[in-house]
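A short worksheet on the structure shown next.
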Amino acid sequence: MKKTIGSIIGLLFLMGVWGSVNLFSGRVDSTLAQDLRGREHVVFLHSTDHPEDATQLENKSGPAEIREASENIAQEVQALNEQWLDANAESGWIHIVTQWKEDYDEIGILPDGNTLEKEYSMDEWYLLNEERRVVKGIFIRRDLNGKVSQVSVLRDNAWYNLTYNDVIPVPEEALPVEFVWDFGFPGEATRLVDSLVKEETTLDGQTVVLYTVTEEFSSPMNFSEYDEPITAIKTRAYYEPDSGKLLSSEQIMIMSGGRERIRTSVKLISWTMEKQPPMEVLDYLNATYKETFRSSAETTSFAEQEMAP
């Protein structure tokens with residue numbers, strides 16, 4: 001197995017958290033983003049074995065009808081997200097807790113020498129203004145025992161990883177930061193609309209709507225996280241149909257040998273509006289940051305030097 005140098009992991013964590021609030025208006029190529037970020041929040045795919053009752057292709061339908069049906073489904077995904085945010089993203093502090101499980105071949109090493117866990121929880125705090133823009137944010141990653149492994153903070157128009165002393169300024173064109181909590185799936189549904197599938201299923205005993213998209217590569221691609229090339233990426237998103245809540249999502253890597261590996265699985269545990277975070281959380285936000293924080297360019301350069309033979 002390959003080892004990931006600790007100095008680059010902090011940058012990947014920052015970029016992964018960054019993606020969760022959709023700072024960029026355009027899409028980053030999913031394959032490149034996955035390779036660089038180390039933990040893409042969600043990118044979903046479609047297999048050739050679609051359920052018979054899935055809403056997508058029918059043999060008797062022509063290309064125009066098929067395309068129109070898929071585009072309608074993509075619009076439905078966007079509408080669900082907007083419905084949820086309109087009802088649950090008011091000004092003030094939003095507290096979101098999620099559980100994550102990942103599967104890849106690389107081994108991440110933390111600054112204290114411990115191995116980066118592949119099952120963990122994310123404790124996220126967003127301070128929104130009246131226009132639903134993110135003013136401040138605190139993001140805490142914990143292992144299954146509740147121990148903090150990484151902390152990232154958004155303040156003063158920059159992202160700071162307090163674990164690795166990394167900083168990424170928010171690009172001017174992305175200010176003010178829009179709050180969009182959807183793991184990028186609506187954008188992927190539009191980009192990969194021809195592969196978009198909708199079906200009704202159950203999740204934890206609840207009837208939900210499952211949307212799936214697939215990105216298939218013309219030839220197997222190598223990703224730094226895996227020892228085996230990838231032929232396709234499948235992304236699934238499970239929504240509560242009445243409220244528009246995104247309950248869970250999965251990113252599945254299709255290996256060249258045919259095996260499927262769930263790169264990332266995330267489940268929403270709770271979403272609440274709060275007066276403010278606890279003091280131990282605010283302490284991360286209000287800390288005096290060191291002047292020795294490395295920029296993203298410096299971090300990448302430093303990591304490349306460390307990994308050079």
Side-chain angles (χ1 to χ4, degrees), residues 6-23 37-39 41 88-100 108-170 174-181 266-296 298-299 302:
S7 58
I8 195 67
I9 292 294
L11 174 62
L12 302 183
F13 178 74
L14 279 171
M15 297 183 74
V17 172
W18 198 339
S20 71
V21 290
N22 198 25
L23 292 180
R37 283 156 60 166
R39 47 160 276 186
H41 273 69
N88 297 277
E90 303 173 0
S91 61
W93 282 102
I94 295 180
H95 181 209
I96 302 173
V97 178
T98 52
Q99 285 186 345
W100 294 74
I109 305 300
L110 291 164
D112 60 7
N114 289 322
T115 301
L116 190 66
E117 70 284 348
K118 294 181 180 178
E119 290 189 56
Y120 56 92
S121 67
M122 285 294 299
D123 190 359
E124 307 175 14
W125 293 84
Y126 302 88
L127 178 60
L128 306 188
N129 63 17
E130 295 290 343
E131 288 73 42
R132 201 194 289 167
R133 304 294 177 172
V134 182
V135 179
K136 299 176 181 178
I138 310 162
F139 310 90
I140 305 170
R141 174 170 169 161
R142 293 186 171 91
D143 65 21
L144 296 183
N145 295 318
K147 180 182 178 182
V148 174
S149 60
Q150 288 199 67
V151 179
S152 178
V153 166
L154 171 65
R155 80 173 200 189
D156 304 325
N157 296 333
W159 287 90
Y160 295 86
N161 187 305
L162 308 188
T163 306
Y164 291 91
N165 287 356
D166 296 329
V167 59
I168 302 178
V170 177
L175 294 171
V177 177
E178 181 181 4
F179 176 75
V180 181
W181 199 86
V266 57
K267 180 180 180 180
L268 176 63
I269 302 302
S270 63
W271 177 306
T272 57
M273 296 293 301
E274 304 288 349
K275 289 185 177 180
Q276 68 173 22
M279 188 55 62
E280 59 266 25
V281 175
L282 284 175
D283 285 345
Y284 291 123
L285 184 65
N286 299 327
T288 301
Y289 299 158
K290 302 175 183 178
E291 296 181 358
T292 56
F293 271 65
R294 291 190 299 269
S295 68
S296 57
E298 292 172 333
T299 302
F302 178 72

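A heavy-atom distance below 4.5 Å is not found between the side chains of Glu124 and Val97. In this structure, the side chains of Pro176 and Glu131 stay at 4.5 Å or more apart for every pair of heavy atoms. By the 4.5 Å heavy-atom criterion applied to side chains, Trp181 and Thr98 are counted as neighbours. Taking the side chain as every heavy atom from C-beta outward, Tyr120 and Asp143 never approach each other to under 4.5 Å.
Under the 30°/60° scheme for interplanar angles, the aromatic rings of Trp125 and His95 are found to lie parallel.
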Using side-chain contact (heavy atoms from CB on, under 4.5 Å), reason through Leu128 and Val134 one step at a time and then give a plain yes or no.
CA-CA 5 Å; Leu128 306 188; Val134 182; 3.8 Å; yes
Tell me, with the steps shown, if Leu116 and Arg141 meet side-chain contact (heavy atoms from CB on, under 4.5 Å).
CA-CA 11 Å; Leu116 190 66; Arg141 174 170 169 161; 3.5 Å; yes
Test Ile94 against Phe179 for side-chain contact (heavy atoms from CB on, under 4.5 Å), laying out the working first.
CA-CA 11 Å; Ile94 295 180; Phe179 176 75; 4.2 Å; yes
Stepwise side-chain contact (heavy atoms from CB on, under 4.5 Å) check, Tyr126 with Val177
CA-CA 11 Å; Tyr126 302 88; Val177 177; over 6 Å; no
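Not less than 6.0 angstrom separates the ring centroid of Phe139 from the ring centroid of Tyr160.
In this model, a donor atom of one side chain and an acceptor atom of the other lie less than 3.5 Å apart for Asp112 and Asn114.
Minimum heavy-atom separation, Leu282 to Pro277: CD1-O, 3.6 Å. Closest heavy-atom contact between Gln150 and Leu110: CG-CD2, 4.2 Å.
Counted within 6.0 Å of CD on Glu130, heavy atoms from surrounding residues, nucleotides or ligands total 12 or fewer; the atom is thus considered open.
Summarising the geometry, atom CH2 belonging to Trp93 is positioned 11.0 Å from atom CD belonging to Glu274; distances are rounded to the nearest 0.5 Å.
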